[in-house]
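One structure is given below, encoded as structure tokens.
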Amino acid sequence: QVQLIESGGGLVQAGGSLRLSCAASGRTFSSKTMAWFRQAPGKEREFVSAVNSNTALTYYADSVKGRFTISRDNAKNTVYLQMNSLKPEDTAVYYCAADYSRTYTYTRNAEEYDSWGQGTQVTVSS
């Protein structure tokens, strides 16, 4: 099973940037689609972005498209989320997730992801 540990969250002013990292254990990391989700207080967990195993395909929620960039380094077993032009509405706990059943495609359904990190808090002040 893949274990995931997120880092890089924090407090930033609107318009600022943060880079989240998700370090994964396990030798099969490179064969899995990876994703970022977020959950704000009182709201459901929502899809943010995903990247397939060979990084040929990336996917974004409309709310972050053009501002966030997902990437992965399979040699380092790490997936990243570069977040620019942050807005107060981006405030949430951000989670990294691994999908064991998909290599080249993705899903936005959180229930279909198999491993989750503990989350990292991102707070954007206005």
* With Q82, which residues qualify under side chain to side chain donor-acceptor pair (under 3.5 Å), at least two apart? -> N84
* Structure fact -> Contacts of S71 meeting side-chain contact (heavy atoms from CB on, under 4.5 Å) (sequence neighbours excluded), chain-then-number -> Y80
* Asked: Any donor-acceptor pair under 3.5 Å linking the side chain of D73 with the backbone of V79?
  -> no
* To do: Name all residues meeting the side-chain contact (heavy atoms from CB on, under 4.5 Å) criterion together with V122; count only those two or more places apart in sequence or in a different chain, and write none if there are none.
  => L18, L20, M83, Y94, V124
* **Side-chain donor-acceptor pair present, E89, T91, cut-off under 3.5 Å** => no
* Asked: Under 3.5 Å, side chain of S53 to main-chain N/O of T33, donor-acceptor pair present?
  -> no
* Asked: Does anything in residues 4-20 pair up under salt bridge (charged side-chain N to carboxylate O under 4.0 Å, His left out), and if so which pairs, sequence neighbours excluded?
  -> none
* Structure fact -> Heavy-atom closest pair (D99 atom, K32 atom, distance to 0.1 Å) is O-CB, 3.6 Å
* By side chain to side chain donor-acceptor pair (under 3.5 Å), which residues pair with T78, not counting sequence neighbours? -> none
* Donor-acceptor contact present, side-chain R108 to main-chain V48, <3.5 Å -> no
* Sequence neighbours excluded, which residues qualify as side chain to side chain donor-acceptor pair (under 3.5 Å) partners of R67? -> D90
* Hydrophobic cluster mates of F37, side-chain heavy atoms under 4.5 angstrom, ILVMFWY only, any path? -> F47, L57, Y59, V93, Y95, Y106, Y113, W116
* **side chain to side chain donor-acceptor pair (under 3.5 Å) against D114, all qualifying residues, sequence neighbours excluded** => none
* Which pairs with one or both residues in residues 46-59 pass salt bridge (charged side-chain N to carboxylate O under 4.0 Å, His left out), sequence neighbours excluded? -> R38-E46
* Structure fact -> Interatomic distance, CE@M34 vs CG@N52, rounded to 0.5 Å, equals 12.0 Å
* To do: Determine whether F68 and L86 make a side-chain contact, defined as any pair of heavy atoms from C-beta on separated by less than 4.5 Å.
  => yes
* To do: Name all residues meeting the side-chain contact (heavy atoms from CB on, under 4.5 Å) criterion together with N109; count only those two or more places apart in sequence or in a different chain, and write none if there are none.
  => T107, E111, E112
* Structure fact -> So the disulfide (SG to SG under 2.5 Å) pairs with at least one residue in residues 61-105 (sequence neighbours excluded) are C22-C96
* Structure fact -> In short, L81 meets S49 closest at the heavy-atom pair CD1-CB, 4.2 Å
* To do: Please report the shortest heavy-atom distance between A24 and L4, naming the atom on each side.
  => CB-CD2, 3.5 Å
* Step through the shown structure and confirm whether more than 12 heavy atoms of other residues, nucleotides or ligands are within 6.0 Å of CD on Q118. => yes
* Heavy-atom pair with the smallest gap, counting every atom of A92 and A40 -> CB-N, 3.8 Å
* Who passes side-chain contact (heavy atoms from CB on, under 4.5 Å) against K65, sequence neighbours left out? -> Y60, D62
